[in-house]
Every structure is written in C-alpha cells, then in structure tokens.
2 protein chains.
Amino acid sequence: MVKITDVARHAGVSPSTVSYVLSGKRSISEETRRRVRASIRELGYRPHAGARALASSRSNVVALMLPLRSGVAVPVVMGFATSVVTAARRHDHDVLLLTQEEGEDGLRRVADSALVDALIVMDVQLRDPRLPLLRSLDRPSVLIGFPADAGDLTCIDLDFHAAGAACARHLAALGHREVAMIGSPPEVYERETGFAQRVTEGFAAAVREHGMTGGVHPCEASADAAKDLVGRLLAERPGLTGILVHNEPIVDPVVRALRAEGRRVPQDVSIVAICPDELAEHADPPLSSVAIPAEEVGGRAVELLMAKLDGEPVPAATLLPPTLTPRASTAPR
Amino acid sequence: MVKITDVARHAGVSPSTVSYVLSGKRSISEETRRRVRASIRELGYRPHAGARALASSRSNVVALMLPLRSGVAVPVVMGFATSVVTAARRHDHDVLLLTQEEGEDGLRRVADSALVDALIVMDVQLRDPRLPLLRSLDRPSVLIGFPADAGDLTCIDLDFHAAGAACARHLAALGHREVAMIGSPPEVYERETGFAQRVTEGFAAAVREHGMTGGVHPCEASADAAKDLVGRLLAERPGLTGILVHNEPIVDPVVRALRAEGRRVPQDVSIVAICPDELAEHADPPLSSVAIPAEEVGGRAVELLMAKLDGEPVPAATLLPPTLTPRASTAPR
DNA sequence: CTGAAAGCGCTAACAT
DNA sequence: ATGTTAGCGCTTTCAG
C-alpha cells in the first residue's frame with residue numbers, strides 16, 4: 001500500500017506538505033504542488049480513509065436512513081437516494097445506507113462510532129422517536145419531512161400545503177366550480193407524516209379563495225372503497241366536475257369508478273393527482289399531477305448538511321414549491 | 001468522547017483486555033469480561049470506527065454499487081439493497097452506497113482508500129468494464145448477474161435458464177401444446193446482461209422436451225409493437241394457447257392486445273410472465289409469474305462476501321432456482 | 001489469563 | 001513556503 005510518506009519521499013518533500021497539497025489548507029508553491037501531484041499520480045496514492053478520519057475526526061461519510069415500509073413509493077425513495085449519493089459525491093463525501101428498521105440504535109451507532117459526520121433521515125413521522133436522539137447527537141442532521149414539533153431540527157420537504165392549493169387553483173383556472181378532494185385513509189390524518197393534513201388545508205384554502213365549493217373525503221386505499229366513495233360523491237353532488245386525488249394506490253380505481261358511473265375523464269370530470277410522475281404518466285389517461293421532487297429534495301438536503309458541517313447557518317425549514325404538470329386528465333369545464 | 005482507555009481505567013484492566021473482550025480473540029475470565037462489559041455499557045463506549053480500521057486494516061464496511069438506468073426495475077433494486085443492508089448488519093458490517101455512474105473509478109476509490117473491505121456490484125453487463133478492475137483489486141467482490149467471461153469472479157443470480165424452462169413446463173402441465181415466448185427487444189439479446197438469452201434457451205429447451213411447438217419472438221418495449229406482434233402471432237398460429245412474456249413494460253399491453261383480438265385470458269390464452277411480483281399481482285388478471293428473488297439474491301450475496309472475507313472458499317457461480325407463482329392468468333387448455 | 005507498548009497512516013499544531 | 005513531530009484511538013504482537 002502506498003502511503004503519504006512514500007509520496008513525500010518520491011516528491012522530495014515532507015509528509016505534511018503532501019497532506020496540505022491534498023487539503024489545500026495552506027499555500028504551496030506552484031512548483032511543489034506540481035511535483036507532489038505528479039508523485040501522487042505516478043504512485044497511485046490514495047489516502048487511507050480510516051487514518052484520515054482518526055487524525056482529522058472527519059470521516060467524510062454521511063448516513064442516509066431510508067424507509068422500507070410500503071406506503072412510501074419505491075421510485076420516490078430510489079430517486080431520493082441516488083440524488084443524495086450524487087450530491088454527496090460532489091462534496092467529496094460518501095453515503096452509508098441505513099434502513100429505517102435500524103431505528104435510533106442504528107443512528108446512534110454510526111454517529112457515536114464516528115463512522116459518519118452527519119445524517120439524513122427520510123420519512124419522518126409526525127411524532128418520530130428518532131427526533132430526541134438526533135437532537136442529542138453532536139452531529140448535524142437533516143430530516144426529510146416535517147414532524148409535529150421540529151424544534152430547531154433542519155427539515156426539508158415538498159410544500160404540501162402549496163401542492164394542495166396548486167391543484168385547486170388548476171381546477172379553478174379551467175373553470176371548475178364544484179370540486180372535491182379524495183384523500184388518504186383516515187388513520188393517515190391522525191398519525192403518520194403530517195403532510196396529508198397539509199394537503200387538505202392547502203386544497204380547502206384555495207377552494208375557498210377561488211369561490212369554489214367542495215370538501216375533503218378521506219378514503220381507504222382499496223378499489224372498493226374508491227368505488228363506493230365515487231358513487232356517493234356523484235350522487236350527492238351532480239355538479240361535481242373536478243377531483244383531486246391524494247392517495248396513490250387508488251388513483252387508477254378512482255378513474256375506473258368514474259367510468260363505471262358513465263363519466264368520461266376529462267370531458268365530464270377532471271382529475272388531478274398528487275403522486276409520483278411515473279404513476280401519473282402511465283395512467284390512462286395520463287394524469288395532470290404534482291409530484292414529489294425527489295431529486296431536488298435529495299440534492300438540497302445534502303447542501304443543507306454540508307453547510308451545517310461547515311458551520312454555516314441554515315434555515316430550519318425548507319419548503320420546495322410544487323410543480324403541477326398538466327396532462328390529459330384535466331380539461332376546461 | 002469515551003475511548004478504550006476510559007473503559008479500561010473504569011474496569012480496572014488494560015486497554016488490550018477491553019479490546020479482546022470486544023473482539024473475542026483471546027479468552028478472558030468470566031469475571032473480567034463481566035466487569036468490562038458493565039463499564040462499556042455504563043460509559044456508553046463505542047469504538048472509533050476510523051481508529052479501528054487503521055489498526056486492524058478492516059473497516060467493516062462493504063460497498064454496494066446499484067444501477068440507476070431505467071430498464072432495471074426499481075422495486076427489485078430496492079428489495080435487493082435492503083436485503084443487502086440487513087444481511088450485512090447481521091455480520092456486523094455497514095453498507096456504503098455507490099451509483100453505477102461512479103463506475104470503475106468509484107470502485108477503485110473506495111477500495112484503495114480502505115473505506116470498504118469488499119464490494120457487491122449489481123446489474124453486471126455481459127462485457128462489463130468493471131470486471132478487469134474488480135479482478136485487479138485486492139478485495140473480495142460478488143457480482144449480481146453473469147458476465148460473458150466471469151473467470152474466477154464470484155457471481156450470483158436467478159437461474160434464468162431454469163426460469164424460462166419452468167414457465168414452459170407450467171404451460172405444458174396445463175395441457176398447452178402450442179406456445180410462444182414474447183421476449184425483450186432485439187438489442188437486449190446482443191449486448192446487455194445476457195440473462196435474456198438464457199431465458200430463451202431454457203424456454204426453447206423445455207418446449208422441445210415436452211413435445212410442444214413454439215418459438216421466441218423478440219419485441220420492442222412499446223404497446224404498439226406488442227399489439228402488432230400479438231396480432232401476427234394469432235394470425236399465423238391459430239392454435240396458440242400459451243404465451244411467456246419476458247419484457248416488463250409490455251406485459252400489460254400484451255394482455256390488452258389479446259383482448260382486443262377477442263381472446264380471453266386465461267380462458268382462451270394463458271399468460272406467464274417473468275417480472276417483479278408487484279407487477280404480476282397488480283395486473284388484470286393477476287399474472288402467473290416467476291419473479292427475481294431480490295431478497296434472497298441480496299442475502300446470499302452478502303453471505304458469499306463474508307465467507308470470502310473469512311478466507312473461506314466459495315463457489316464461483318451461484319444460480320438461484322426460480323419459483324413460479326401460479327395466479328389467475330393461466331388455466332388448463 | 002492479562003499487561004505493556006509498538007505501531008496503523010494521517011493531520012495539524014508548532015517551528016523556522 | 002515548508003519541515004518536524006506529537007498525537008488521533010485502536011489492535012496486536014511480545015512478555016509474563
């Protein structure tokens with residue numbers, strides 16, 4: 001194994017000079033830098049990560065804890081993970097993968113053993129048991145999602161309130177007056193991640209603001225429940241022409257239920273969804289939708305983390321503005 | 001930070017004794033072990049990962065390189081990743097996540113810097129540029145998938161030949177005599193991962209063996225191409241009653257095309273697919289299928305790696321037997 | 001069964 | 001602008 005002393009000897013300098021050439025932490029003459037760089041290349045030198053971590057108390061690794069639980073869309077998680085890795089590499093960091101299953105112990109383990117310098121935690125619940133732990137760690141962290149009481153923890157996520165509002169506004173702009181939102185199962189609004197609640201609020205506020213009528217209807221994630229609900233909605237509100245669906249598994253069933261009731265999409269009823277792009281694109285018809293910008297969330301989360309590692313102040317909350325992509329499921333009334 | 005000397009002092013022993021209690025590399029009296037363990041717990045001691053790696057030249061971290069490219073099913077990749085992490089933890093190892101994008105340089109970087117002890121590489125191509133590199137590294141690795149020339153590299157994957165055969169056998173057992181396989185796009189058979197080729201061979205062999213008739217038809221991954229091909233097949237072979245589809249994106253389109261031609265599934269034509277369970281379950285009707293056992297592949301890959309790290313010999317090739325799950329898309333002729 | 005002590009390879013004062 | 005050197009915290013001979 002090639003070590004720093006080998007490089008130093010080969011370049012005719014001291015080990016510290018090699019170290020400084022690498023870190024750029026002090027000025028080096030052009031000539032010396034050139035020689036050292038050449039030696040490094042020639043010998044194929046790679047600093048030993050462990051030695052470096054020991055001496056500098058920086059591992060240049062960040063932990064990323066991902067959820068397994070169904071309920072979180074797999075493509076979203078993957079997109080998020082890859083963008084975190086890519087962004088981390090831009091800052092010369094690597095990513096250690098943890099599963100939600102490891103929980104607080106896992107986070108404590110990698111933090112206390114100095115395996116990682118910082119942590120990113122995805123799928124944060126409203127009352128997440130990991131929060132007190134993260135607060136107690138001496139290492140910076142970023143949460144994806146907003147817990148009930150974030151305190152001074154750094155959080156980032158799609159602005160779900162704005163997403164709900166954007167969907168209502170989209171329907172309003174198309175001339176719809178009577179709308180409805182088909183939401184997540186009731187229990188999701190009670191515990192879980194809180195974003196569901198925010199969508200309903202944003203939707204309701206925008207409905208009011210644009211002088212439309214319509215409320216929010218939680219719905220179990222089964223095709224039968226969707227069919228029932230759609231039937232009921234149509235019966236009770238004959239003038240209904242626009243629906244926001246925020247309940248991934250029943251996006252398709254809702255459309256099918258409408259057709260079964262003799263309504264065409266989008267000619268008779270327009271549908272907007274908050275769901276992964278993949279789902280929206282492959283639906284029949286392709287759905288106008290707001291997607292979770294997984295790539296951007298991941299990238300930004302890393303930027304926040306790096307700023308914190310550098311001791312820079314960062315905003316406690318970052319809300320990413322939603323983007324509504326119009327597709328074939330919405331039309332003017 | 002609590003260090004080993006703190007624990008040693010607290011327990012009234014030497015640092016090396018603490019180390020040996022932790023590693024179990026030499027016998028310790030019951031009494032001493034008890035005291036040391038108590039001190040460790042009481043002080044909340046965690047060995048510094050970097051220091052440990054430096055002293056022992058073992059980081060207890062394995063690299064996992066995952067593909068981003070579309071074409072590899074996202075849920076399969078995720079299932080694989082989580083099973084690798086879970087299995088690695090059972091062996092007291094952590095997992096460093098790399099993206100395919102990082103390529104050979106990424107692998108070299110983490111290996112040469114001693115960041116990782118071993119590597120798992122997914123989505124291995126027939127002629128993969130990473131193979132020579134992996135061979136040249138002084139660290140053990142396991143490949144998911146079989147390249148054209150594996151040499152003595154350790155590989156593991158579903159036995160795709162057996163999978164193709166199992167599907168043909170399933171149709172034969174149901175009494176089908178005229179069958180066909182709708183395969184991947186032609187270019188997949190030329191380069192790429194080689195497994196596509198193996199499916200066709202297994203299918204063809206079993207068709208012959210069971211005295212059935214039927215060939216393999218590559219197909220572009222578009223609904224139109226699927227429709228064309230189904231139309232042609234039905235026209236040319238009026239007696240056709242069984243189809244194996246090995247082309248994820250067009251599984252649904254094939255079923256729809258059959259219906260458009262007036263054939264019911266499974267009453268008129270039986271369909272078997274080689275695709276992720278998720279897709280098969282949600283199809284209409286749910287598809288009899290062989291899935292890639294992502295969980296098992298991940299777990300076994302880690303076991304192989306750990307064996308290699310321990311200097312134990314392992315088989316160069318591991319082929320996991322396929323499991324065909326009968327669902328609603330196949331019926332007796 | 002346990003201790004003492006020599007590094008592992010690198011960084012960061014401290015010098016000059 | 002560069003060199004010298006004292007650790008970083010742990011494992012592992014070497015001794016007993």
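Per chain, numbering begins at 1; letters A, B, ... match sequence-line order.
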A.B. asks: I need the full list of salt bridge (charged side-chain N to carboxylate O under 4.0 Å, His left out) pairs touching residues 20-32 of chain B, with sequence neighbours left out, sorted by first then second residue.
C.D. replies: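 Matches after skipping sequence neighbours: B:Glu30-B:Arg33, B:Glu31-B:Arg34, B:Glu31-B:Arg35.
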
A.B. asks: Excluding sequence neighbours, so at least two apart, what forms side chain to side chain donor-acceptor pair (under 3.5 Å) with A:Asp128?
C.D. replies: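 Partners of A:Asp128 under the side chain to side chain donor-acceptor pair (under 3.5 Å) test: A:Arg130.
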
A.B. asks: Among all residues two or more places apart in sequence or in another chain, which pass the side-chain contact (heavy atoms from CB on, under 4.5 Å) test with A:Ala53?
C.D. replies: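 In terms of side-chain contact (heavy atoms from CB on, under 4.5 Å), with neighbours along the sequence ignored, A:Ala53 is linked to A:Ser59.
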
A.B. asks: What side chain to side chain donor-acceptor pair (under 3.5 Å) pairs are there with at least one residue in residues 12-21 of chain B, not counting sequence neighbours?
C.D. replies: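 The answer is B:Ser14-B:Ser16, B:Ser14-B:Thr17.
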
A.B. asks: List the residues meeting side chain to side chain donor-acceptor pair (under 3.5 Å) with A:Thr32, not counting sequence neighbours, and say none if there are none.
C.D. replies: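 Checked A:Thr32 against side chain to side chain donor-acceptor pair (under 3.5 Å); matches are A:Ser29.
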
A.B. asks: Angle between the end axes of the helix from C:dC1-D:dG16 to C:dT16-D:dA1, five pairs per end, to the nearest 10 degrees?
C.D. replies: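 If I round to tens, the end axes sit 30° apart.
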
A.B. asks: Treating primed atoms plus P, OP1 and OP2 as sugar-phosphate and everything else as base, which nucleotides of nucleotides 11-16 of chain C get B, S or - for protein heavy atoms under 4.0 Å?
C.D. replies: SBBB--

A.B. asks: Does anything in residues 36-45 of chain A form a side chain to side chain donor-acceptor pair (under 3.5 Å)? List the pairs, not counting sequence neighbours.
C.D. replies: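 Only A:His10-A:Ser39 qualify under side chain to side chain donor-acceptor pair (under 3.5 Å).
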
A.B. asks: Going by number, which of residues 106-118 of chain B have a non-hydrogen atom under 4.0 Å from DNA chain C?
C.D. replies: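 Those residues: none at all.
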
A.B. asks: Only counting residues at least two apart or in another chain, list the ones meeting ring pair (Phe, Tyr, Trp, His ring centres under 6.0 Å) with A:Phe160.
C.D. replies: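 Partners of A:Phe160 under the ring pair (Phe, Tyr, Trp, His ring centres under 6.0 Å) test: A:Phe195.
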
A.B. asks: Run the side-chain donor-acceptor check on residues 292-300 of chain A: report pairs under 3.5 Å with partners two or more places apart or on a different chain.
C.D. replies:
residue	atom	partner	partner atom	Å
A:Glu296	OE2	A:Arg300	NH1	3.3

A.B. asks: What side-chain donor-acceptor pairs closer than 3.5 Å can you find for residues 307-317 of chain B, not counting sequence neighbours?
C.D. replies:
residue	atom	partner	partner atom	Å
B:Lys308	NZ	B:Ser141	O	3.0
B:Lys308	NZ	B:Thr154	OG1	2.6

